[in-house]
Chemist: 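Just dropping this structure here.
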Amino acid sequence: MRCYNCGAQLTEKEFCTNCGADVDRYKKLISFSNYCYNDGLEKASVRDLSGAVESLRQCLKFNKYHIQARNLLGLVYFEMGESVAALSEWVISKNFRPKKNIADDYLNAIQKSPTQLDIIKQKTRKFNQALVYCRQDSKDLAIIQLKKLLADNPNYLQAHLLLALLMMDSGDWEKARREVQRCLRIDKNNTMALRYWKEIQRATEAEEKNNGPKKKSKSDEIYKYQSGNETIIQPSSQIETKRGIGWIWALLGGLVVGVAVARFLILPAQIELAKVDLNESLMQAGEENERKNTEIDSLTRQVEALTQENTELRQQTEALASKDGQMGTVEALLHAAYTYIVTPDDVEELSGAIDQVDREAMESEDTPEAARVLYAKLLENTGTDLAQSYYDTGYRAYRARDYDTAIENLKKAVTYDAENSEALFALGNSYKDNGNKRLAIETYESVVSLFPDTEKARQSQRYIEQLQE
């Protein structure tokens with residue numbers, strides 16, 4: 001355990017031996033935080049996920065920098081199907097400890113798999129859509145949506161709980177019981193699942209009490225037995241067996257009457273009933289089609305609204321990015337000015353600070369005039385010294401035949417002091433010896449143009465002629 005004030009290793013004493021800070025309460029808080037972490041770890045190991053979440057949150061409440069607790073909380077969330085919450089915890093953990101953090105492995109495993117990211121997006125979208133259906137009282141659509149969601153994400157605890165609640169609302173207690181059992185297999189002490197289970201038990205017992213015991217049907221009084229491949233049915237003792245020719249004639253008469261009744265009474269009624277069922281089916285199909293068209297229109301309007309909102313947000317983002325770029329340039333300029341004021345003789349540090357300033361932005365009219373004036377004044381006071389420093393570095397690199405380094409430094413020397421003929425001529429030589437004829441000719445032409453009637457100009461002209469030949 002380290003001191004919160006100076007970071008020194010703490011001892012058994014109630015104060016820091018390095019800075020003297022009182023660490024008694026701090027050590028108690030850290031100890032309690034570690035206790036909560038251990039408790040959460042034990043609960044997670046026996047699949048008491050909701051209890052683990054509570055303990056780990058309590059741990060992070062007392063010590064938000066507890067990396068192991070935050071990573072474990074992300075794993076518990078991911079096991080419960082809460083992928084977004086898990087990613088949030090791992091990102092926070094990575095920000096607290098950028099290196100040697102196992103959260104990097106978790107994030108890379110998800111981010112490097114486009115399929116996994118798409119599943120997370122679809123899961124959130126489907127669950128939100130199911131909630132919308134519930135608010136619209138379209139419970140059948142919500143059940144269908146949740147079943148599709150759970151087919152791809154069987155561990156999504158919230159979806160199981162919502163589906164169980166919908167089953168309870170529709171009175172399908174057996175299906176609700178199965179969903180609650182799935183919840184308890186994921187999280188055995190989930191409070192909401194246990195509450196649903198108690199409600200299902202109470203409703204099932206009340207239903208059985210109201211219905212009462214089953215009455216014995218008449219079919220129970222009929223005795224059957226098998227004789228070879230034939231089934232023999234023996235009526236109960238309450239039915240008198242009719243024997244003789246009279247019984248046969250009565251049977252035939254009843255058969256004729258039954259056929260007549262079926263032909264003239266039952267069959268037309270069944271046909272009419274079939275017509276009614278068909279009409280109802282057609283009406284339901286029409287209503288379903290109308291409802292789907294309404295949903296399509298609503299979704300189309302939502303897409304148009306979201307497209308417009310996306311366009312506006314993109315424009316705002318571009319504007320903010322432009323402002324952030326200007327602020328970054330001005331901030332770099334102020335840092336360079338501060339460096340010049342504090343350490344005017346440290347040419348290396350000053351050159352590094354001025355190099356951070358975007359020269360093109362300083363020449364743009366969008367940049368505030370005060371910033372442009374300050375930059376020009378800064379170059380006026382430091383340009384010659386910076387150019388000489390870059391020239392010395394570049395010329396040494398040229399002598400060592402490190403032409404890339406020479407070109408980089410000589411270009412900066414010419415940028416900060418355009419009248420430095422030595423730097424411009426050495427830049428042309430670096431281009432020439434590096435094999436870049438075009439830039440070498442252009443640089444020599446600049447020497448001839450800017451410094452006519454000088455030895456550098458005459459040498460540059462000779463090199464131009466040689467290169468053109």
Chemist: What I want to check is whether the side chains of Ser83 and Lys123 have a donor and an acceptor closer together than 3.5 Å.
Modeler: yes
Chemist: Between atom CE of Met80 and atom CG of Leu157, what is the distance when rounded to the nearest 0.5 Å?
Modeler: 5.0 Å
Chemist: For the pair Phe127 and Tyr156, name the ring-plane relationship: parallel under 30°, tilted 30 to 60°, perpendicular over 60°.
Modeler: tilted
Chemist: Would you check if Asn434 and Leu439 make a side-chain contact, meaning some heavy-atom pair closer than 4.5 Å?
Modeler: no
Chemist: If you take all heavy atoms of Cys134 and Ala142, which pair is closest and at what distance?
Modeler: SG-CB, 3.7 Å
Chemist: What's the spacing between Leu150 CG and Glu179 CD if we round to 0.5 Å?
Modeler: 6.5 Å
Chemist: Could you check whether any side-chain heavy atom of Trp173 comes within less than 4.5 Å of a side-chain heavy atom of Met168, counting everything from C-beta outward?
Modeler: yes
Chemist: So how far is it from Lys43 NZ to Asp39 CG, rounded to the nearest 0.5 Å?
Modeler: 4.0 Å
Chemist: Between Val180 and Ala164, which heavy-atom pair has the shortest distance, and what is it?
Modeler: CG2-CB, 3.9 Å
Chemist: Report the distance from atom NE2 of His66 to atom SG of Cys36, rounding to the nearest 0.5 Å.
Modeler: 9.5 Å
Chemist: Are Arg70 and Trp90 in a cation-pi contact, defined as NZ or CZ under 6.0 Å from the six-membered ring centre and within 45° of the axis?
Modeler: no
Chemist: Side chains of Arg182 and Arg178: closer than 4.5 Å at any heavy-atom pair?
Modeler: yes
Chemist: Side chains of Leu184 and Leu194: closer than 4.5 Å at any heavy-atom pair?
Modeler: yes
Chemist: Do you know which two heavy atoms are closest between Ala103 and Ser93, and how far apart they sit?
Modeler: CB-OG, 4.0 Å
Chemist: Could you tell me whether Glu174 and Arg177 have a side-chain N and a carboxylate O separated by less than 4.0 Å?
Modeler: yes
Chemist: Do you know which two heavy atoms are closest between Leu49 and Val76, and how far apart they sit?
Modeler: O-CG1, 3.8 Å
Chemist: Which heavy atom of Ala69 sits nearest to which heavy atom of Leu60, and what is that distance?
Modeler: CB-CD2, 4.0 Å
Chemist: For Ala52, is there any backbone N or O sitting under 3.5 Å from a side-chain donor or acceptor partner on Ser55?
Modeler: no
Chemist: Run Glu54 and Arg57 through salt bridge (charged side-chain N to carboxylate O under 4.0 Å, His left out) and show every step you take.
Modeler: CA-CA 5 Å; Glu54 186 66 26; Arg57 282 181 175 174; 5.1 Å; no
Chemist: State, without any angle test, whether Arg125 and Gln122 hold a side-chain donor-acceptor pair at a distance under 3.5 Å.
Modeler: yes
Chemist: Below 4.5 Å, heavy atoms only, C-beta onward: do Asp187 and Glu79 meet side chain to side chain?
Modeler: no
Chemist: Closest heavy-atom contact between Lys188 and Val46?
Modeler: CE-O, 3.4 Å
Chemist: Identify the residue among Leu29, Ile30, Asn34 that makes a side-chain contact (heavy atoms from CB on, under 4.5 Å) with Phe62.
Modeler: Leu29
Chemist: Can you confirm whether Arg97 sits close enough to Tyr65 that some side-chain heavy atom of one is under 4.5 Å from a side-chain heavy atom of the other?
Modeler: no
Chemist: For a 4.5 angstrom cut-off between non-hydrogen side-chain atoms, does Met167 reach Ile143?
Modeler: yes
Chemist: Kindly compute the distance separating CD (Gln158) from CG (Asn190), expressed to the nearest 0.5 Å.
Modeler: 7.5 Å
Chemist: Under 4.5 Å between any side-chain heavy atoms of Leu163 and His160, yes or no?
Modeler: no
Chemist: Looking just at side-chain N and O atoms, do Asn101 and Asn71 make a donor-acceptor pair shorter than 3.5 Å?
Modeler: yes
Chemist: In Å, rounded to the nearest 0.5 Å, how long is the span from CD of Glu89 to CG of Leu75?
Modeler: 11.0 Å
